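The block underneath contains the structure these notes are about, expressed in structure tokens.
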Amino acid sequence: MERRISIREKGYYEEDYQMRMLRINPTEYLLRVMGRGIDDSSCYEYEVSGKVSMSAMFERGNMRGRDVELLMDSIREAIRETERHLLNIHCLLLQPEYIFYEEKKFYFCYFPPSKENIWEGIHRLTEYLVKHIDYDDPAGVEGVFFLHKKTMEENYSLEKISREYKTLLSGRLREQKEAMVAGTEEKETETVCWEKWEEEGEMEPILIREAKQFWEPVKNLLKRRKKKKWGDWEGFSREEIR
């Protein structure tokens with residue numbers, strides 16, 4: 001069974017070249033649409049079988065930076081596709097409830113009566129992204145704030161800001177990965193140095209190169225004991241530091 005959504009607009013339905021163009025030419029990023037008149041209204045029905053709306057998909061704020069990258073790519077491709085079919089790009093609906101996702105691609109409703117400027121619509125969409133990005137994803141957070149700021153400019157280039165967003169996101173993700181690797185290597189070095197120092201029985205950790213590496217186990221201990229009173233050192237031992 002097909003699943004559909006419908007959008008109504010006041011005014012008698014008249015099928016123009018836009019609907020004929022969409023019916024004759026299958027599109028990749030635009031939802032299949034059918035139009036008809038109901039009393040004194042125009043009704044547009046969109047086939048959304050197997051797809052989930054963006055508003056339902058990210059209602060809990062679990063959108064990641066890569067999801068935003070895919071969304072921006074899909075918007076850009078939908079605009080290209082619309083222009084290629086000689087359609088009006090300002091008829092693309094960019095409200096989250098009218099954007100649908102399936103198999104690593106976002107799909108859009110083409111709504112002929114729409115009067116919203118698409119560039120303003122993209123900016124409003126970035127406001128939604130700022131509210132629903134996963135704040136445990138620092139790269140994604142920085143990216144959506146970048147997009148929100150850039151879309152406030154007049155005559156911005158979607159192609160350019162999408163490219164800059166990808167560069168920013170890739171750079172931040174690479175930095176995070178390198179920091180995680182460096183942190184793992186540092187912990188391994190600290191463990192070796194501490195054990196070597198104990199084996200040799202030296203008064204000073206001669207193999208520890210930096211004071212930060214030496215005091216890290218102690219700092220970790222203090223973090224674990226923050227909930228206790230500072231004067232309570234019962235049970236403190238070098239074994240616990242390790």
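Quick caveat, the model's predicted, so the values are computed rather than measured. All heavy atoms count here, side chains included; hydrogens, waters and symmetry mates do not.
- With hydrophobic clusters built from ILVMFWY side chains whose heavy atoms lie under 4.5 angstrom apart, Y17 does not share a cluster with M34.
- Inter-residue side-chain proximity for I5 and C109 is flagged as met; some heavy-atom pair is nearer than 4.5 Å.
- Heavy-atom minimum distance, F58 versus N62: CD2-OD1, 3.4 Å.
- Closest heavy-atom contact between N88 and Y110: N-OH, 3.0 Å.
- Take E120 and apply the side chain to side chain donor-acceptor pair (under 3.5 Å) test, not counting sequence neighbours, and it matches no residue.
- Residues W119 and I89 have side chains in contact (heavy-atom distance under 4.5 Å, counting atoms from C-beta outward).
- Contact detail for R66 and E69: the closest heavy-atom pair is NH1-OE1, 2.5 Å.
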*Report the C-alpha distance between E116 and H90 in whole Å, list the side-chain angles of each, state the deciding distance to 0.1 Å, and finish with yes or no for side chain to side chain contact (heavy atoms under 4.5 Å, CB included).*
CA-CA 6 Å; E116 180 180 49; H90 300 292; over 6 Å; no
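- With hydrogens and angles disregarded, a donor-acceptor distance shorter than 3.5 Å links the side chain of E81 to the backbone of Y29.
- Across all their heavy atoms, S55 and E97 have their closest contact at OG-CA, 3.6 Å.
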*Residue pair L129, M63: steps toward the side chain to side chain contact (heavy atoms under 4.5 Å, CB included) verdict*: CA-CA 8 Å; L129 300 180; M63 176 176 277; 3.4 Å; yes
_Quick one, L87 with L22, criterion side chain to side chain contact (heavy atoms under 4.5 Å, CB included). Give me CA distance, side-chain angles, the key distance, then yes/no._
CA-CA 9 Å; L87 299 171; L22 289 170; 3.6 Å; yes
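- Remark: Y101 OH to E103 CD distance equals 8.5 Å, nearest 0.5 Å.
- Here CD of E47 is found 10.5 Å from CZ of F100. Values are rounded to the nearest 0.5 Å.
- Considering CD1 of I122 and CD of E127, their distance stands at 13.0 Å, rounded to 0.5 Å.
- Although no hydrogens or angles enter the test, the distance criterion places no donor-acceptor pair under 3.5 Å between the side chain of D137 and the main chain of R64.
- A donor-acceptor pair under 3.5 Å is formed between the side chain of S49 and the backbone N or O of R3.
- Between R80 and E159 a salt bridge is recorded (basic side-chain N to carboxylate O distance below 4.0 Å).
- Between E77 and K105, none of the side-chain N atoms (NZ, or NE/NH1/NH2) sits under 4.0 Å from a carboxylate O, so this pair counts as no salt bridge.
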*Y128/K131 under side chain to side chain contact (heavy atoms under 4.5 Å, CB included): CA gap, chis, key distance, verdict*: CA-CA 5 Å; Y128 173 88; K131 295 177 182 177; 5.9 Å; no
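- We find the NZ-NZ distance between K150 and K160 to be 6.5 Å, quoted to the nearest 0.5 Å.
- The two residues L158 and R76 have their closest heavy-atom pair at CD2-CA, 4.1 Å.
- In this structure, L93 CG and L30 CG are separated by 10.5 Å, a value rounded to the nearest 0.5 Å.
- For the pair L173 and Q176, the minimum side-chain heavy-atom distance is below 4.5 Å.
- Here CE of M57 is found 6.0 Å from CG of D67. Values are rounded to the nearest 0.5 Å.
- Looking at residues two or more places apart in sequence or on another chain, you find a side chain to side chain donor-acceptor pair (under 3.5 Å) between E102 and K51.
- Y135 and V144 fall within the same hydrophobic cluster, defined by Ile, Leu, Val, Met, Phe, Trp and Tyr side-chain heavy atoms under 4.5 Å apart, directly or through other members.
- Note: Y44 and Y13 meet the aromatic proximity criterion, with ring centroids under 6.0 Å apart.
- Shown here for L94 and I99, the closest heavy-atom pair between the two residues is O-CD1, 3.6 Å.
- By the side chain to side chain contact (heavy atoms under 4.5 Å, CB included) test, I38 pairs with R8, R36, C43, sequence neighbours left out.
- Atom CG of D39 is surrounded by 12 or fewer heavy atoms from other residues, nucleotides or ligands within 6.0 Å.
- Residues Y46 and F111 form a side-chain contact, since some pair of their non-hydrogen atoms from C-beta on lies under 4.5 Å apart.
- No side-chain heavy atom of R172 sits less than 4.5 Å from a side-chain heavy atom of P138.
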